[in-house]
Amino acid sequence: MKVSFFTVKGKNKVSSIYVRFADSKRFDKKVRTGLSVNFDDWSKVKQQVKLTSSNTQKDFINRKLREIENYLLEHYNLDYNTKKHIGENWLKDKINDFFGRVDTNEEHKIYFVNWVQKFIDDCPTKTFKGEPIKKRTIQHYITTKHKLIGYEKHFKTKLRFQDIGLDFYHNFLFYCQNLEKLNNNTIGGYITNIKKWCKMIEIEGLPINLQYKSSEFSSITNKTKDIYLTDEEINKIFEFDFSYSDRLDNVRDNFIIGLRTGLRISDFSRLEKVNIVGGFIEINTIKTSTTVVIAMHRQVKAILKKRNGEFPRKIEDQKFNEYVKEVCKAVGMTEMIEGAKMVNKKDDKDFFPDSKIITKNKSRKEFGVFPKYELISSHICRRSFASNLYGQTDNMSIMAITGHSTESQFLKYIKITPKEHAIKLKTLWEKENKLQNGKL
């Protein structure tokens, strides 16, 4: 095998540098490298740019020529001995690969965001663990892509596979935290997607930066200030007289059904008579595509009886989250507590440092002390359901409804305070003492 470089004198002073690769009679081709030099500055004997002080690019070009030689020898050895096809365009393709040159329709083989776009485009025809990829998951991929595009605009760069290393990781965190003003849990979800894509790119044999595997290149989180409603609070909501407002009465009934089934709003808002089977509620959940069976709470039964067997009218998610705050305020949940709520920052001109980046969703989570009703949304339903049942029945039964795949995930979801744990234990021991005294 032999790699050689040469120039061809033409009408212009500047000549293209060619590379020739020969392996006996098996293969002998030559192509342009894409590098060029003044013809008089080329050393035919040494096959490199002459080391003259007048040529400022000599070191760069000569270094690239040596790198090309090593690259071609390495890849030819690998391809030939693994019985890969070495065709007419092998040398041209390898030179393009070396310099990262691709046709427009193959930019996904070089640029990270282009690869991500192709991955998203292909999602509707792909499956994950035998199931179609959910629309919600695809939307999260799209959101992550938008953050990467915003990153590229801010740093005035176009990310190649080799760029997705620790420097990118730290810069991406800076961009998301300081420019987009996102919280760590949201950013952590984007990092999870990026690491997943890097792994897939590596499997495809493309030149991804392996620093993505570093423990430092990790998803980040922050402790949440999420709240839940106790049984006493839920009962108060259920018993409140909303006869003065059909709208709030309907919202309250939907809310109670969410609180007593542990379903997400995407599921409890589409319950119908057909979902009642043998006194149980059965539904195939949207997010996890699993069928859950839930025993009907007495309050759910009462709501259905009040409505002649029909579920309350459906409410669009955004309106539900707006109206349910009215419900809880009317009930009297006005105590000031620590928590976090979403606040639209579209009118706060000083909030985002770079207004060109933020174009769509300007709602950001704000931490502080607020009236409790302001912190309540549909997300509280599942959290309250799980927290209230925790310790009353086995965890696996609750997880079968909430959809948590591991007990560790489930326990992080529970929002019972240390004081409440202590009260539960005290109640248990008092019950045991009464039983023991009864035996004595």
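Here the structure is a predicted model, which means the values were calculated and not measured.
Salt-bridge formation is not detected for the pair Glu202/Lys199: no Lys NZ or Arg NE/NH1/NH2 atom is positioned less than 4.0 Å from an Asp or Glu carboxylate oxygen. Using a 4.0 Å cut-off between charged side-chain N and carboxylate O, Lys236 and Glu233 make no salt bridge. Lys126 and Asp121 are not joined by a salt bridge, as no carboxylate oxygen comes within less than 4.0 angstrom of a charged side-chain nitrogen. Under 4.0 Å is where a charged nitrogen must lie from a carboxylate oxygen, and between Arg160 and Asp163 no such pair does. Salt bridge annotation for Lys325-Glu374: absent, with no cationic side-chain nitrogen under 4.0 angstrom from a carboxylate oxygen. Using a 4.0 Å cut-off between charged side-chain N and carboxylate O, Asp246 and Arg313 make a salt bridge.
Annotation for Ser36 and Ile61: closest pair O-CD1, 3.5 Å, computed over non-hydrogen atoms. Annotation for Phe268 and Gly258: closest pair CD2-CA, 3.5 Å, computed over non-hydrogen atoms. Looking at every heavy atom in both residues, Glu272 comes nearest to Phe311 through O-CE1, 3.3 Å.
Considering only heavy atoms from C-beta on, Pro371 comes within 4.5 Å of Met336 through its side chain. Contact check for Thr186 versus Lys365: no side-chain heavy atoms found under the 4.5 Å cut-off. Between Ile376 and Ile227, the closest side-chain pair of non-hydrogen atoms falls below 4.5 Å. Residues Phe168 and Leu148 are in side-chain contact: their nearest non-hydrogen atoms beyond the backbone lie under 4.5 Å apart.
In this structure, the separation between CG on Leu35 and OG on Ser15 is 13.0 Å, given to the nearest 0.5 Å. In this structure, CZ on Arg252 lies 10.0 Å from CD on Glu239, to the nearest 0.5 angstrom. Rounded to the nearest 0.5 angstrom, Lys195 NZ and Ser218 OG are separated by 7.0 Å. Here the CG atom belonging to Asn114 is positioned 10.0 Å from the NZ atom belonging to Lys145, to the nearest 0.5 angstrom.
Each of Thr137, Thr144, Thr143 was checked for a side-chain hydrogen bond (donor to acceptor under 3.5 Å, both in side chains) with Asn193, and the lone residue meeting it is Thr144.
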Going through the checks in order, is the salt bridge (Lys or Arg N to Asp or Glu O under 4.0 Å) test met by Glu366 and Lys341? CA-CA 5 Å; Glu366 187 173 288; Lys341 65 177 183 176; 5.7 Å; no
One pair to check against side chain to side chain contact (heavy atoms under 4.5 Å, CB included): Val14 and Asn38. What are the steps and the verdict?
CA-CA 4 Å; Val14 178; Asn38 284 335; 3.5 Å; yes
(request) Check step by step if ring-ring contact (aromatic ring centres under 6.0 Å, His included) holds for Phe217 and Tyr212. (result) CA-CA 6 Å; Phe217 199 123; Tyr212 85 87; 7.1 Å; no
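In this model, no donor atom of one side chain and acceptor atom of the other lie less than 3.5 Å apart for Tyr169 and Gln211. Defined by atom type and a distance below 3.5 Å, a donor-acceptor pair is present between the side-chain atoms of Tyr141 and Lys196.
Stacking of Lys158 on the aromatic ring of Tyr111 is recorded, both the 6.0 Å distance cut-off and the 45° axial limit being met. With Tyr323 as the aromatic partner, Arg247 meets the cation-pi criteria of under 6.0 angstrom to the ring centre and within 45 degrees of the ring axis.
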